[in-house]
Amino acid sequence: MEFQLPDGTRLALPGGSTGADAAAAIGAGLARAALAVRVDGELRDLSRPLPEPEGRAPTLEIVTERSGEDALALVRHDAAHVLAAAVLDLYPGTKISIGPAIEAGFYYDFEFPAGVTVNDSDFPALEEAMRAHIQADERFVREDLPVAEALERFRAEGQPYKVELIEDLVRAADPDHPLETVSLYTNGPFTDLCRGPHAPSTRRIKAFKLQSVAGSYWRGDARRQMLTRVYGTAFFSKGDLEEHLELLERARANDHRRLGPQLGLFQFSEVSPGAAFWLPGGTEVFNSLVALSREMGRERGYVEVKTPQIFDSSLWRTSGHWDKYADNMFVTEYEDRRMAVKPMNCPGHCHLYSLRPHSYRDLPLRLWEPGLLHRREPSGTLHGLLRVRHFAQDDSHIFCTEDQVQQEVANVLDFAFATYRIFGIDVRLELSTRPEQRIGSDELWDRSERALADALGQLGLEYTVNEGDGAFYGPKIDMHMTDSLGRSWQLGTCQLDYNMPERFGLAYTGADNAEHRPVMIHRALMGSYERFIGILLEHFGGELPVWLAPAQAIVLPIADRHLDYAAGVRDRLIAAGLRAELDDRTESVARKIRDAELRRVPYMLIVGDREADAGEVSVRRHPGGDAGSVPAREFELRLAEEARRRVLR
RNA sequence: GCCGACGUAGCUCAGCUGGUAGAGCACUUCACUCGUAAUGAAGGGGUCCGGGGUUCGAGUCCCCGCGUCGGCUCCA
């Protein structure tokens, strides 16, 4: 057998050689370090015979600790098996389900025996049991078993989830090539149904930690058994593990739920779960974002409207929300009328459109409303500002003709990029196409999907396609960002809708003097202002750019005799449209500086005798420190310019 | 909504196996008038999330509810 190594050389091996043989043939050191082997992209156990090449020499790569994500995923999967083994040691009779490696670790889902609950106080004992399996240097032994035998074995062991998994594998197999065997992996006393591969032995898990327990539905189905999921992570060294834990710690420090109250931006209260109380500082941030939407929207031909907060149920019947979304709406009744608080702006905008006649000359009509929405989200889903019951979207509905769709979508994308650029955010685009459950003809879907793809092409944008993930009424383009901690967030969306205009009977008079149905485009760029602020806070670690900072500058007089001059400096800044404050407390300058630094006020203006005499301010930047003295007037112009241009840093 | 954990002063937290609530910061007052990350002293402040129960006695134990957190489902 001949294989192609990563360095381009060829490796010849006798027939029946294993991955371990291949590693040994390359070098003794590599043989010791080897965890698995990758043949033509497929990851395999070292102990398995290499596949017989057909035709050209397949590529072969030995996976070691230094192989990055592949190797980490492998060892984490190993750790999941070890966790399951430890759980069975400590809690015999536990039913095991699945335990994969995930992004930053692994988990395993268990159904513990009746009456047994496991929580993080059980981690030390579990970790101890895991360490025993690791120190025992248990080999991972693969076994390919006929389906019937495997089923019998797991039935006998009282492992119904494994039985169900095998039955599903059989069912999912191609009828022409029915599933004959399944693979099992055994380490020490523990055997699990598993596709593999695994490292040679448990000893390769050098550092691990159990992190949390959580509930999870079997197969992600809310109607099925709730299992207990144990999360953990594993690395090849203690140092890597500690580094990872530090990253988590940093993420915790940058958590918007901590930063918000700390910086005086917002707070939550039991009296309205899932709804923020916006403090003065947070309200400034919020308003700055709304102002940005408004300003940019005006430049791009959007018109602002205001629609009611509460509508009669008849509107929700027309829109379809009464059938499809009723569980998520706040409903109220008076004088025998059933009313509901709006969870979305689109029905109101459709109704507003329908109130007056429209000519093709009026289109596209781009309605914008930073409307207040309420959604009855289940209590368990609330999460700071990222998932709330009361929020406002930077929401627009564009009514246009079929011919205008592509250009309008291109305009939306251009608008989106212009917006994200201001925050220094890069986005990935996803085009979601027709789902199984949908309305409208295939011809219509062909056209609308093409319109979106053409708009993306027109701007030369890269995107991935999400087959079948579109809304039931139309395809969409979603915009995702990755934050400074590597987490992904959906921000904007641009959805084509042929359904809502139909339901509302919307029309415009065409050049042919006949009635035509407009197409509607739903679009949001920041998503909701609440969520966007949450994301921004975490992304910037609380260090908001000057144009967004609640207090842009704070004047710090050195002694009380400088108060008049200081107040004058502040007043001129405010008159120039800036957000300036004065720290008039009788405190040391060091103290005033410290407090302003903790609030992350971008500019601190220290004024004492020297500054008052010269008409200057001594500028201290956050972060950055002392930036020297400048005439107060010059600083004012500089700050105004920085805020106006929305400079990022 | 479901599973698990948690809920003590405005904030961060201490309070062992049940015996009448404590610290730091913040706040108020007084003194200090200060040059680039905490001046000092004194003082005020708590239905120990809410409601039941066990007990001579509950912040502490049990039950129910609410909220928060970690997830699942869902989602801007």
>> With rounding to the closest Å, how many angstrom separate the P atoms on B:A23 and B:A41?
In response: 15 Å
>> Could you work out, with ring pair (Phe, Tyr, Trp, His ring centres under 6.0 Å) as the rule, every residue matching A:His390, not counting sequence neighbours?
In response: A:His374
>> Once salt bridge (Lys or Arg N to Asp or Glu O under 4.0 Å) is applied, what residue pairs with a partner in residues 110-129 of chain A remain, sequence neighbours excluded?
In response: A:Glu128-A:Arg131
> How would nucleotides 31-40 of chain B be written as a contact map, 5' to 3', with B for base contact, S for sugar-phosphate-only contact and - for no contact, using protein heavy atoms under 4.0 Å?
Replying inline: -BBBBBBBB-
> Among B:U73, B:C69, B:A76, which nucleotide sits nearest the side chain of A:Val388?
Replying inline: B:A76
Produce the list of close N/O pairs, under 3.5 Å, pairing protein atoms with atoms of nucleotides 59-62 of chain B; give distances to one decimal.
none

>> Please enumerate all residues that pass salt bridge (Lys or Arg N to Asp or Glu O under 4.0 Å) together with A:Asp497, with sequence neighbours excluded.
In response: none
>> A:Ala340: which residues meet the side-chain contact (heavy atoms from CB on, under 4.5 Å) condition with it, sequence neighbours left out?
In response: A:Trp316, A:Trp322, A:Met329, A:Val331
> Between A:His383 and B:U68, is there a side-chain N or O to OP1/OP2 distance below 4.0 Å?
Replying inline: no
> Among the nucleotides B:C66, B:C75, B:U68, which one has an atom lying closest to any side-chain atom of A:Leu382?
Replying inline: B:U68
> If you measure from the P atom in B:G18 to the same atom in B:A58, how many Å do you get, rounded?
Replying inline: 13 Å
>> Just the rounded figure in Å: distance from C1' of B:G71 to CD1 of A:Ile98.
In response: 14 Å
> Are the ring of A:Phe391 and the six-membered base ring of B:A76 within the stacking cut-offs of under 5.5 Å and under 30°?
Replying inline: yes
> How close or far is atom P of B:G10 from atom CZ of A:Phe266, stated in whole angstroms?
Replying inline: 20 Å
>> Which residues pass the salt bridge (Lys or Arg N to Asp or Glu O under 4.0 Å) test with A:Arg258, not counting sequence neighbours?
In response: none
Between protein and nucleic acid, restricted to nucleotides 3-6 of chain B and to nitrogen or oxygen atoms under 3.5 Å apart, what atom pairs and distances do you find?
| unit_1 | atom_1 | unit_2 | atom_2 | d |
| --- | --- | --- | --- | --- |
| B:C3 | O2 | A:Gly215 | N | 2.8 |

> side chain to side chain donor-acceptor pair (under 3.5 Å) with A:Lys162: which residues, sequence neighbours excluded?
Replying inline: A:Tyr108, A:Asp192
> For A:Ala326, which residues count as a side-chain contact (heavy atoms from CB on, under 4.5 Å) partner, sequence neighbours excluded?
Replying inline: none
>> On the six-membered ring of A:Tyr603, is A:Arg621 placed so that its NZ or CZ lies under 6.0 angstrom from the centre and within 45° of the ring axis?
In response: yes
> Of all residues at least two apart in sequence or in a different chain, which pass the salt bridge (Lys or Arg N to Asp or Glu O under 4.0 Å) check with A:Glu636?
Replying inline: A:Arg633
>> Suppose we screen for salt bridge (Lys or Arg N to Asp or Glu O under 4.0 Å). Which residues come up paired with A:Glu587, at least two apart in sequence or across chains?
In response: none
